[in-house]
Amino acid sequence: MVETTPAAEPGVTATGFGRVLVVLYAVMAVGACSRSAVQVSTRFGEAPIAYSLSAFAAVVYVLATVGLARRGPAARRLATIACTVELVGVLAVGTFTVAVPSDFPDATVWSLYGMGYVFIPLVLPVLGLWWLRRTRFAG
Amino acid sequence: MVAPLVVALVGGGLALFVLGAVLAGLGKVPGRVVLGLAALLEVVVAVQVVWAVVSLVGGYRPAETLVVVFYLLGVLVVLPLVVAWSLAERTRWSNLVVAVGALTVMAMTARLDQMWRVTGG
């Protein structure tokens, strides 16, 4: 490999298409946070695991939104980790809810691969990771 | 919810979504039509929210009152925030940003209308 661009800086994620991504993530973050806040504060005892997972997903969306909206290597790392966790989460919870339907009422954004949110939770991390890769270097 | 307003918000949201997506596809930056439509939609949202708040203060209690209140707050701020974000960097993508906001208003209104009808335990 020939290094033609020494000291390549990471590119900005919150520009162009990235700004659409930030809005999608922000909407999911607010939605997941409010949903989770209601679940945890009013009926946490009913399904502690599902509602904890719901809260965890909400935090992941917030971190991904912040990571994608801000510039710099730390923000990029945060966004990459958050999107990866999100992808693993939606696949794991999605598969689990399909396999064992009764244990997870539609309690998290990731249940049934995010069907309750028109599969946005499934598409979003893929788009996020693709965009992070695409904008790895400035210019 | 007030049926004509719900219809206006769902229909208007869908129209703005399609318009924003098409204009983004054509490579245009947001102009008067998109911003005007967004402003108009926000006025309808505000009327709907005020009506809902008056009903809640008047004693109407949907089953999920807390969630309804979250939705009312959320739906009110979506378009202003999204338009501000879209104007901070004006490219074709700004139109898609507004389109996503319009779709969000549409989805939230539909869900709100659904939750509003369910009362009691």
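Computed from a prediction, not measured in an experiment: that's the story for all the values here. Proteins come first, then strands; the chains are lettered A, B, ... in the order of their sequence lines, and each starts at number 1. Basis for what follows: all heavy atoms, side chains included, without hydrogens, waters or symmetry-related copies.
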A/V27, part contacting chain B, at a heavy-atom distance under 4.5 Å: side chain
Heavy-atom proximity to chain B below 4.5 Å, by part of A/V22: side chain
B/V100 versus chain A, the contacting section by heavy-atom distance below 4.5 Å: side chain
B/Y71 and B/W116: CA distance, side-chain angles, deciding distance, ring-ring contact (aromatic ring centres under 6.0 Å, His included) verdict: CA-CA 11 Å; B/Y71 265 76; B/W116 191 261; over 10 Å; no
Which portion of A/T42 sits near chain B, non-hydrogen atoms under 4.5 angstrom: side chain
A/R35 and A/T108: side chain donor to acceptor below 3.5 Å: no
Aromatic ring proximity B/W85/B/W93, centre distance under 6.0 Å: no
Smallest separation among heavy atoms of A/V62 and A/C33, with atom names: CG2-SG, 3.6 Å
Closest-packed option against chain A by number of heavy-atom pairs under 4.5 Å, given B/T91, B/V82, B/L66: B/L66
Distance-only side-chain donor-acceptor flag, B/S94 / B/E89, under 3.5 Å: no
Residue B/A88 versus chain A: region with a heavy atom under 4.5 Å: both
